[in-house]
Enquirer: 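My structure is below; once you've seen it, I'll send some questions.
Remember, it's 1-based here, ligands and their atoms both numbered in the order they're listed.
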Amino acid sequence: MELQAVLHMNGGEGDTSYAKNSSYNVCLSLYLSLTHTHRVVLALAKVKPVLEQCIRELLRANLPNINNCIKVADLGCASGPNTLLTVRDIVQSIDKVGQEEKNELERPTIQIFLNDLFRNDFNSVFKLLPCFYRKLEKENGRKIGSCLISAMPGSFYGRLFPEESMHFLHSCYSFHWLSQVPSGLVIELGISANKGSIYSSKASRPPVQKAYLDQFTKDFTTFLRIHSKELFSRGRMLLTCICKVDEFDEPNPLDLLDMAINDLIVEGHLEEEKLASFNLPFFTPSAEEVKCIVEEEGSFEILYLETFKAHYDAGFSIDDDYPVRSHFQVYGDEHIKAEYVASLIRSVYEPILASHFGEAIMPDLFHRLAKHAAKVLHLGKGCYNNLIISLAKKPEKSDM
Ligand code: SAH
């Protein structure tokens, strides 16, 4: 089956939707009244200062700017309020830096393109826009019409924008989705090279790790090459992804999925071949691998690179009045958090897993995953590693 047909986050606004569960997601009503007293979840909070610095350098670089309009895209925006939290941060950063720099020009118009695959639930984002625009006007003094949001559907492994037309490309937790299952993952004598797991973990056999790294190298190189063409010379790109580190031995969300699927096999609810014939098109690179690929591809200069840990229940706050919590059963803190973690993982991976393992088994699968998550949380574990990298498109020799 073609990957684009099955890869999308759970749409809509129901209990298993990405909109309702993604980690730094809070429901729109909470977002619209977001104040500093609400716990802002780690990923966004970590990315924001780097984003501001990136925008500061971008505005100082005096890129071509037709009619005082800054063109921005968020690649792999998903759906729901999260999408707009990112947009809000970008708009606020541009305005904050513009004020600091005491730009004599009027505030720029900001044109923002939301990109994701064709099956993404863009409509659920569009429905939030009138409210979002009003909020930007009330809280940031951004006149309606001075921030223009639209969609640019399609794969970010293909061309999305005209040549040299964009100032800033942002992408968070998206480019570790590969364009396809690694082509090098051959099935030898009827047995998958990646038996017993759905992805390339540290425990995977070397040929599996190589096949995944090769596919990632190919895809990420394409990503850099294509989007460097779309950016103005010295345009910026800010990328955040989950990454692996050598010394880290905590199970990540994909290990939890592996454990839950293996439980179903042991209990006789799923055939072993089902797992043997499935590989997730998802790769978590190391910081070194990302750095090497950027350097090898050559279009960008690395301005900043940082790794940080996040807890996979980071979006869950037991102290806050957190509306997402209300639909979890109350067993005690760990179990509530484990349910939250399972719902979050479900909102991301369910469509692609259901397309292979079947819809019917999904509730059982995520029920088992919640049990494993509770054990991991009980041991005080449950972190995953993240990478932020800020890039500037190198000027052409003729521009220097
Ligand atoms: N940026 C959002 C969403 C992350 S989920 C956030 O931070 O919450 C990853 C998103 O990347 C999904 O919505 C998925 O559909 C999208 N995605 C994966 N591969 C893609 C591709 N090739 N082109 C565009 N979007 C893609």
Enquirer: So, using salt bridge (Lys or Arg N to Asp or Glu O under 4.0 Å) as the criterion, who are the partners of E306 when residues are at least two apart?
Expert: K46

Enquirer: Which is closest to atom 15 (O) of ligand 1 by heavy-atom distance: L178, T86, D116, L117?
Expert: D116

Enquirer: Can you name the atoms of ligand 1, numbered from 1 with element, that are less than 4.0 Å from a heavy atom of G154?
Expert: 23 (N), 24 (C)

Enquirer: Listed by chain and number, what are the side chain to side chain donor-acceptor pair (under 3.5 Å) partners of T217, not counting sequence neighbours?
Expert: none

Enquirer: Do F366 and L369 come close enough that some side-chain heavy atom pair is under 4.5 Å?
Expert: yes

Enquirer: List ligand 1 atoms under 4.0 Å from C172, heavy atoms only on the residue side.
Expert: 1 (N), 2 (C), 4 (C), 6 (C), 7 (O)

Enquirer: What part of N115, side chain, backbone, both or neither, has a heavy atom within less than 4.0 angstrom of ligand 1?
Expert: side chain

Enquirer: For ligand 1, which atoms sit closer than 4.0 Å to a heavy atom of Y157?
Expert: 22 (N)

Enquirer: Tell me whether E295 at atom CD has more than 12 heavy atoms from other residues, nucleotides or ligands lying less than 6.0 Å away.
Expert: yes

Enquirer: Any chance NE2 of H378 has more than 12 other-residue heavy atoms, nucleotides or ligands included, within less than 6.0 Å?
Expert: no

Enquirer: Taking NZ, NE, NH1 and NH2 as the nitrogens, is one of them in E230 or R159 under 4.0 Å from a carboxylate oxygen of the other?
Expert: yes

Enquirer: Going by the order shown, which atoms of ligand 1 are within less than 4.0 Å of some heavy atom of A78?
Expert: 3 (C), 13 (O)

Enquirer: Taking only non-hydrogen atoms of S79, do any sit less than 4.0 angstrom from ligand 1?
Expert: no

